[in-house]
*Asks:* 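Once you've had a glance at the structure underneath, I'll fire off some questions.
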There are 4 protein chains.
Amino acid sequence: MKIVESLPRGIIPYLPTALTQSGELDRDAMRRLVDRLLRAGVAGLSPLGSTGELPALADDVADSVVASVVEAVGGAVPVIPGVLSGSTGHAADRSSAVTALGASAIVAMIRPWGRVSQAAMIEYFSAMAGATDLPVVLYRQPALGVQPDLGSVVRLGDVENIIAVKDASSDTGFLLSLQCEGSSLEIYSASSHVPMLVWEMGGIGWMGGPCCLAPQTSVAMWQFRLAGDRDSAWRLQRGLWPLCRAFAAFGPAPMVKGGLAQIGFDVGAPVAPQATLSREGHAAVGCSIDAVRRARADLGMDMSVL
Amino acid sequence: MKIVESLPRGIIPYLPTALTQSGELDRDAMRRLVDRLLRAGVAGLSPLGSTGELPALADDVADSVVASVVEAVGGAVPVIPGVLSGSTGHAADRSSAVTALGASAIVAMIRPWGRVSQAAMIEYFSAMAGATDLPVVLYRQPALGVQPDLGSVVRLGDVENIIAVKDASSDTGFLLSLQCEGSSLEIYSASSHVPMLVWEMGGIGWMGGPCCLAPQTSVAMWQFRLAGDRDSAWRLQRGLWPLCRAFAAFGPAPMVKGGLAQIGFDVGAPVAPQATLSREGHAAVGCSIDAVRRARADLGMDMSVL
Amino acid sequence: MKIVESLPRGIIPYLPTALTQSGELDRDAMRRLVDRLLRAGVAGLSPLGSTGELPALADDVADSVVASVVEAVGGAVPVIPGVLSGSTGHAADRSSAVTALGASAIVAMIRPWGRVSQAAMIEYFSAMAGATDLPVVLYRQPALGVQPDLGSVVRLGDVENIIAVKDASSDTGFLLSLQCEGSSLEIYSASSHVPMLVWEMGGIGWMGGPCCLAPQTSVAMWQFRLAGDRDSAWRLQRGLWPLCRAFAAFGPAPMVKGGLAQIGFDVGAPVAPQATLSREGHAAVGCSIDAVRRARADLGMDMSVL
Amino acid sequence: MKIVESLPRGIIPYLPTALTQSGELDRDAMRRLVDRLLRAGVAGLSPLGSTGELPALADDVADSVVASVVEAVGGAVPVIPGVLSGSTGHAADRSSAVTALGASAIVAMIRPWGRVSQAAMIEYFSAMAGATDLPVVLYRQPALGVQPDLGSVVRLGDVENIIAVKDASSDTGFLLSLQCEGSSLEIYSASSHVPMLVWEMGGIGWMGGPCCLAPQTSVAMWQFRLAGDRDSAWRLQRGLWPLCRAFAAFGPAPMVKGGLAQIGFDVGAPVAPQATLSREGHAAVGCSIDAVRRARADLGMDMSVL
């Protein structure tokens, strides 16, 4: 039987990787950000996703990020780092490495290159899962190249410790297809889906970069939904959606790093050559934050937080 | 003020264009199909969509299809034909022509070719709407080429008789984005979205080819939803979803024509060079129909219909 | 044995479809354009391609175009109109219709829609060839959707009156692949390839919209090449290439119609919703024409023509 | 003034990275392969391209590859390794590292991720060039994601030690566009272009994985061309083209590693999850090698080599 209970339910923000101007990990900024999110009531934290710029980080920097987040969290909630590679052997090594650093689960990704069959992808993710005894969240991210197809995801659901899936296409019907295939994988919403709709189908939470900017509102949406207050939850969902659109339009790291700077959290710039948030991007994020605030005001919620 | 009440709410099947072996319109087959759907309680009927193979039909054949469906329906429900062109002038002429033939509303589509700006697209759809006093459903169908973007759809919502939108991308968040932009356009679900999720956001029905194969179940899903019985509605939704996947996998006309043949309604083959449903397609449709039947059985529904 | 000699060798400009402001065919403008091109020494003329906006024309307008060009040419060179459809039956009818109007050969195109197999594509083109006894030039145009693949083109080469191919991808190696497969099809260069390179592999001419703007220079390039003066031919090729880039960047009809207007030939605007050449496009065409003139000047050629 | 003479002219094979079953660099296999290629008269050698599976190699393995090839070559010809990253800082570090290991020039590539502007790409490549005093070959490889566009390539040509470009699109006209823009960059053919055509435009050689399998024939084609014997060169080009098609169809590393195994050089399998050459791939490579042999026989060349 699968140890579903070991994965958190609720809001799980992706963390940006805070860097100093000289390109070092900014542990203080990471700690401040973690503290803010824990106070907001998030269910878990996920460093080293797209928001965390994992494809641009060397292994040793990635290790420092995990260690620093695990330390800052101090066991308060699960830490679920991303693991990514283009080589099966390296992916397994990385899975093992973050396990040793105190992760509670891993988000398994592939950035394929060249000719990769679905069979080889199944082997890749199985190797990652086999290199850890932690629960694994399978992450389909089309922006990284060819990903496991529906049949492969269903088969990977048979691996003992692969117990959830997150899909970053915008095709919400894919998730229903997975359920129709009889998969027992739990589902997290990504920011390219509407979390309220994914939850309508049984989803157990939202793993997303935008939650990092509006954690209290994200948590409140989840709690209204849990309490059966669909109407209030939808009002917050509508208030949060522009943030998700800005996230898609301007890119995870530029948007989250730029947005945090706008609300007073300096976590540095994205790693070059990735863009810093443009003036247009800052304007869009500003409008999105206003939409969150209007939704909170409509519901008479605390206006001192987001 | 918009005349929203003039558009039907509920299940609106797309009709295939029944053709004899010599390529003539098969009016008898059209009539039998219309009768079956009316008995199932559909809210309207839409000939000349992708399922109706509009891009492969000459104008005079398209006219015969509309006339034949209007006659067969006899005023029982609205008839909402598709109108499609690659030329603004021709599109307006076609809009006017189907109005004269007794349509109740039109589904406006574009199949662009060459360089077409968003401004020119807005003019195109405005010309179509201006050539009729019927309500217009704007249809975004990416399979036909570049389509109006979010901003253009919002602007087209200002045209007096454009009162609804249907989107055939699989990006359900696009519909929420439209609402967040303040658009007052009503939304119909397409078969590439999960109707229950579109309705969760306020959608007013489902325009789809698969409804043609399982009309009673589609109508029952809508009615359960209206009555507040989400659980039963979702059971039917899960039972219907494999039909939508087969529709996407094998193509509107091949799948609907092949599927109808499987359940005893011969409406002829698709217009060459489009494929006739393959053996693999027939197997997939067969499994999908079984899924509908299982869902009906679970809810103790009448098993003599689909 | 194939009647290769029936196809012209050399420069074959695509003709725009001249339209009056009220959308009628402008026969005078067509005649003036034909006269200009004949005086330049072109080997043939091709109405109803992408430059001729065939996808936006009704069948009766297309027929008028062919009749008007055949009349204006008066037998001086072959007239090779494009024929295009999305239905096999209609394509064969159109092939037959332009034959009856006095065409010397046809350029066969497909604009597929929905699910079309390679086998069905072979049937489509075979039906077109079977409906005429004229020589057929098979045209692969990826901008129109899925096209016959290498194997299908090779097989279509076995049809008696399909005797040449034109490919509008930019993949010049595709043409060499065709030869390596042992195909006996003659090859025309399209404007997305570099004509001098296609001729290096044995190509028999250039069918292109840009030749319409610089016919004398195009003909001179061909003649230098025939005479073995590679150096002069390459100088003209380099002078002509910016026109081909503008053609690709701004679209066949907008670029050719806008460019002709710039040099004093008014053939009207493209059919809406297709764009009229933008200010930026006019600037690019202007620079391209300057490049042609510089190449002519370098070789001491007549500067009163293009 | 640019030090064009520092780059070799002629055939420059890409080297696969030979690995033992346990995943270690197989220095013996590398040495045997280098010896074979040097005996064939190649002008240079390029480890760490797509054929060399650079995206799947850790930095220390990549360093071993360069060191091992530099040692095996012993100064006989230039060694021009690929350098690739997704981070500007890391790219500069890698450029510096391979310089220290004895490379003669570098092939600079980008594998972008997230939002990367053309301006940031120019900075990326400039940083790589600035970190070495070696000549730099700019490599556009669309399979790695968004690449520098025409304008960026032209501007990068102003960097002092960027002196050549290689483009792996199949759009041969792109190279002519570059020349028409006045760029002074030298051009190498990639295997997605027809080398004889690129040389027709002034190209100075062929950098390609397929040369690794048929080095003598590739060198002979270059020499016939240099000697002005176009006919013999074209016969070899036609004999070599099927190898290039198999390379494109089955992927650089699978095809070159599988092909070398077929002719008796075991360099191990590609790094998982990339595929090992399939049975179909082996058949295609076999046919391609036969085509090379037939071309050699036709010209009465030595049949004991490829």
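This is a predicted model, so every value here is computed, not measured. Here is the naming used below: chain letters follow the sequence lines, and residue numbers restart at 1 for every chain.
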*Asks:* Quickly, which of B/S218, B/C244, B/S191, B/S46 forms a side-chain contact (heavy atoms from CB on, under 4.5 Å) with B/C211? Name it, please.
*Replies:*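 So the option named by the test is B/S218.
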*Asks:* Among A/H193, A/Q179, A/Q237, which residue forms the greatest number of heavy-atom pairs with chain B at distances under 4.5 Å?
*Replies:*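 The option with the most such pairs is A/Q179.
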*Asks:* Please state whether the rings of B/W199 and B/W222 are parallel, tilted or perpendicular, taking 30° and 60° as the class boundaries.
*Replies:*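 Rings of B/W199 and B/W222: perpendicular, as their planes differ by over 60°.
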*Asks:* Within the 4.5 Å heavy-atom criterion, are A/L277 and A/F250 side-chain neighbours or not?
*Replies:*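 In short, these two side chains touch, coming nearer than 4.5 Å.
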*Asks:* If I measure from the heavy atoms of chain B, does A/M196 come under 4.5 Å with its side chain, its backbone, both, or neither?
*Replies:* neither
*Asks:* With a 4.5 angstrom heavy-atom cut-off, is it the side chain or the backbone of A/L175 that approaches chain B, or both, or neither?
*Replies:*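 It is neither, since no heavy atom gets under 4.5 Å.
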*Asks:* How many angstroms lie between atom CG of A/D171 and atom OG of B/S192, to the nearest 0.5 angstrom?
*Replies:*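 It is 8.0 Å, given to the nearest 0.5 Å.
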*Asks:* Using non-hydrogen atoms only, which part of A/R245 is less than 4.5 Å away from chain B: side chain, backbone, both, or neither?
*Replies:*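 The side chain, not the backbone.
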